[in-house]
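Below is one structure, written out as structure tokens, with a few remarks after it.
Only a predicted model underlies this, so the values are computations on that prediction, with no experimental measurement involved. Only heavy atoms go into these numbers, but all of them, side chains included; no hydrogens, no water, no symmetry mates. Labels below follow one simple rule: chain letters A, B, ... track the order of the sequence lines, proteins then strands, and each chain is numbered from 1.
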There are 2 protein chains.
Amino acid sequence: MRQALHDAIETLNRLETMDALSNGVLGLKELLEVDHVVFHAVNHSGDQYVSATYSAQWQEHYRAEDLTRIDPVVKASRTAIRPVNWNQLDWSSKAARGFLSDATDAGVGSQGLSVPARGPQGQFAILTVSHTIAAAAWDRRVEAMTDDLQYLTQFINGKALELYGPRDEPSLPSLSPRESDALAQLALGKSRPQAAEALGISEHTLRVYIESARLKLGAKNTIHAVARGVSLGLLAI
Amino acid sequence: MRQALHDAIETLNRLETMDALSNGVLGLKELLEVDHVVFHAVNHSGDQYVSATYSAQWQEHYRAEDLTRIDPVVKASRTAIRPVNWNQLDWSSKAARGFLSDATDAGVGSQGLSVPARGPQGQFAILTVSHTIAAAAWDRRVEAMTDDLQYLTQFINGKALELYGPRDEPSLPSLSPRESDALAQLALGKSRPQAAEALGISEHTLRVYIESARLKLGAKNTIHAVARGVSLGLLAI
DNA sequence: TTGCGCCTCCCCCGAAACGGGGAGTGAACA
DNA sequence: TGTTCACTCCCCGTTTCGGGGGAGGCGCAA
């Protein structure tokens, strides 16, 4: 399977459009021998990019109801270091059980594994495989495929970012070390007087750096500048 | 080499302390057949964690001069999707050339490859291997080792986060969807009136969500709350 | 039935931030 | 030599923020 995986990755690597990549992702269903495969990039300027083998009906329902806001899989994956086995999610709330029930009715699969991947500018994506199978059998398959899926997910995410990326941030801003320091101090919770003191400069000087950084980031205000700095990975916090 | 890599990862996986992981990282130098290996976690509450085979003198100099602020490798890796070959960095500025000169004098190695890795809460780390070799020969080695290094880096980063993580964020906050929405709108650059309008609520209501989210995040002010929300991956932006 | 969380809305006032403006020095580069 | 960038500092009026307070309805779980 590992050689087939490597071949699949080489094939994916040659693709040059998001549509082709999307089709390539859908094709992984046979290779991975699961009911469904989903690549779900949650952050792209607030938009979402989904490539899934789920039914069009379920995908439309998910989108229309904005289920990303309450999807326990997305919630858990956002803060996960390792891949998330659906078995280990908290399904205790009524909303989560309702969601799972609706999803199962829609043919999503009773078991799943979701692998998070992150990009340099705060982008976040999940590769999910799901299957209808007994929990114990699924756990064994999960143990066998986790390493390969992590590599596959990093690769697909990297490829998606490369294909999509130039539109995200045509020209990534560069902050001077002091500009970065100024925003970082604010991001760490310091007030302006405290930030100025921490950096050994006056509040007036700090303000100049904040303003300059704000303009470079194309931000509308200081909160926006800090948010962009953090999500672009420009602040050492 | 791949079987040896897999064995090394299994050994690393059994480690239970950061010191042991650090020693394990140092030991990768022989396996990878390079002059130096460095695991450099740049974000841990603003602190840095470094495990490197560089000389103690260079490490102390790097720390004392806070060279992370100007290190072109760190700068490029922060925003990189793929591993960064030092050959492809911008060494044109005097500061960058001075840095490279000092580093080379300190025995760092003339060529390097740096692999970025990210954590769910905005953590950022780099696994760097460096070697003194001709550029063309290095490029060939890079091509051969990139996939393995990406997997190795994700693994070490994940392990480091697991070992270190409980101290980072003992209890990860959970925001209600509306709280998250409120901060997300601010993070996207909207003023409070605009954010309220976008969400279809009053400014007073928005303020309640901002305050509530701020308390849950343990933030000192709104900027801090947004920064934490973004870096913790809690905001869909 | 009670308590809690989420979502919704309002008021006052002092402190802080913002938006506009002004200025300087030193180093590096064309 | 002139320009640009980074780093440094100051003023003032207006706007926004944050800390304090108040209130309601709805749904869910114990």
Side-chain angles (χ1 to χ4, degrees), chain A residues 66 69-70 75 90-99 173-187 189-227 234, chain B residues 66 69-70 72 75 90-99 101 173-187 189-227 234:
Chain A
D66 197 11
R69 287 176 84 246
I70 61 167
K75 181 168 179 162
D90 176 12
W91 299 103
S92 58
S93 77
K94 194 177 197 295
R97 292 201 306 273
F99 175 88
S174 174
L175 301 180
S176 77
R178 261 331 204 193
E179 290 165 345
S180 187
D181 289 343
L183 292 189
Q185 292 298 318
L186 296 181
K190 292 197 168 72
S191 66
R192 289 192 180 205
Q194 291 171 327
E197 182 174 5
L199 297 177
I201 58 179
S202 78
E203 286 182 55
H204 311 288
T205 302
L206 183 83
R207 166 116 187 276
V208 169
Y209 291 137
I210 293 171
E211 280 304 292
S212 176
R214 186 176 68 77
L215 292 172
K216 286 182 176 179
L217 291 165
K220 289 175 178 148
N221 53 43
T222 302
I223 293 181
H224 194 194
V226 168
L234 298 177
Chain B
D66 197 10
R69 287 176 82 246
I70 61 167
K75 180 168 178 161
D90 176 12
W91 299 102
S92 58
S93 78
K94 193 173 195 296
R97 292 201 307 273
F99 175 88
S101 176
S174 173
L175 300 181
S176 75
R178 259 337 203 189
E179 290 163 346
S180 186
D181 290 342
L183 292 189
Q185 292 297 317
L186 298 181
K190 291 197 169 72
S191 66
R192 289 195 181 200
Q194 291 170 328
E197 182 174 5
L199 297 177
I201 57 180
S202 79
E203 287 183 52
H204 309 288
T205 303
L206 184 83
R207 165 115 186 271
V208 169
Y209 291 138
I210 293 171
E211 281 303 293
S212 176
R214 187 177 66 77
L215 291 172
K216 286 182 177 179
L217 291 165
K220 290 175 179 151
N221 53 44
T222 302
I223 293 181
H224 193 192
V226 168
L234 297 176

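Between the CD atom of A:Gln194 and the P atom of C:dA16 there is a distance of 10 Å, rounded to whole Å. Look at CG on A:Leu183: it is 15 Å from C1' on D:dA6, rounded to the nearest Å. When the P atom of D:dC5 is taken as reference, atom OH of A:Tyr209 falls 15 Å away, rounded to whole Å. Here D:dG19 presents its C1' atom at 11 Å from CG of B:Leu215, a figure rounded to the nearest Å. Between A:Ile201 atom CD1 and D:dC10 atom C1' there is a gap of 14 Å when expressed in whole angstrom units. Distance B:Asp181 CG to C:dT8 C1': 14 Å, rounded to the nearest Å. For the pair B:Leu199 CG and C:dC6 P, the interatomic distance rounds to 16 Å; values are reported in whole Å. Taking atom NE2 on B:His224 and atom P on D:dG18, their separation rounds to 13 Å, with Å as the unit.
Using a 4.0 Å heavy-atom distance criterion, A:Thr205 is classed as a base contact. Residue-level contact check: A:Ser212 touches neither bases nor backbone, having no heavy atom under 4.0 Å from any strand. Contact annotation for B:Thr222: backbone-only contact, meaning every heavy-atom pair under 4.0 Å involves sugar-phosphate atoms and none involves a base. Among the protein residues, A:Asn221 comes within range of no part of the nucleic acid, since none of its heavy atoms lies under 4.0 Å from any strand.
Side-chain to base pairing of B:Arg214 with D:dG19: no donor and acceptor N or O lie closer than 3.5 Å to each other. Side chain B:Arg178 to base C:dG5: no donor-acceptor pair is found below 3.5 Å. Side-chain to base pairing of A:Arg207 with C:dG20: one donor and one acceptor N or O lie within less than 3.5 Å of each other.
Listed for the A:Arg214 side chain is no donor-acceptor partner under 3.5 Å among the backbone atoms of A:Ile223.
No more than 12 heavy-atom neighbours from other residues, nucleotides or ligands sit within 6.0 angstrom of CD on A:Glu197. Within a 6.0 Å sphere centred on CD of A:Gln194, heavy atoms belonging to other residues, nucleotides or ligands number more than 12.
For the residue pair B:Arg192/B:Thr222, the side-chain donor-acceptor check at 3.5 Å is satisfied.
For B:Val208, the listed nucleotide lying nearest its side chain is C:dC9; candidates were D:dA6, C:dC9, C:dC7. Minimum atom distance to the side chain of A:His204 is reached by D:dC10, of the listed C:dC10, D:dC10, C:dC9.
Considering OH of A:Tyr209 and OG of A:Ser176, their distance stands at 6.5 Å, rounded to 0.5 Å.
The residue among A:Glu211 and B:Pro177 whose nearest nucleotide of DNA chain C lies closer to the 5′ end is B:Pro177. Between B:Glu203 and A:Leu175, the residue whose closest nucleotide on DNA chain D is further toward the 5' end is A:Leu175. Both B:Ser202 and B:Ile223 sit near DNA chain C, but only B:Ser202 has its closest nucleotide nearer the 5' end.
The side chain of B:Ser176 places an N or O atom within less than 4.0 Å of a non-bridging phosphate oxygen (OP1 or OP2) of C:dC7. Close to D:dA6, at under 4.0 Å from its OP1 or OP2, lies a side-chain N or O of A:Lys216. Distances shown here put every side-chain N or O of B:Arg192 at or beyond 4.0 Å from the OP1 or OP2 atom of C:dA17.
Residue A:His224 comes nearest to B:Ala187 through the heavy atom pair CD2-O, 3.1 Å, listed as atom of the first residue, atom of the second, then distance.
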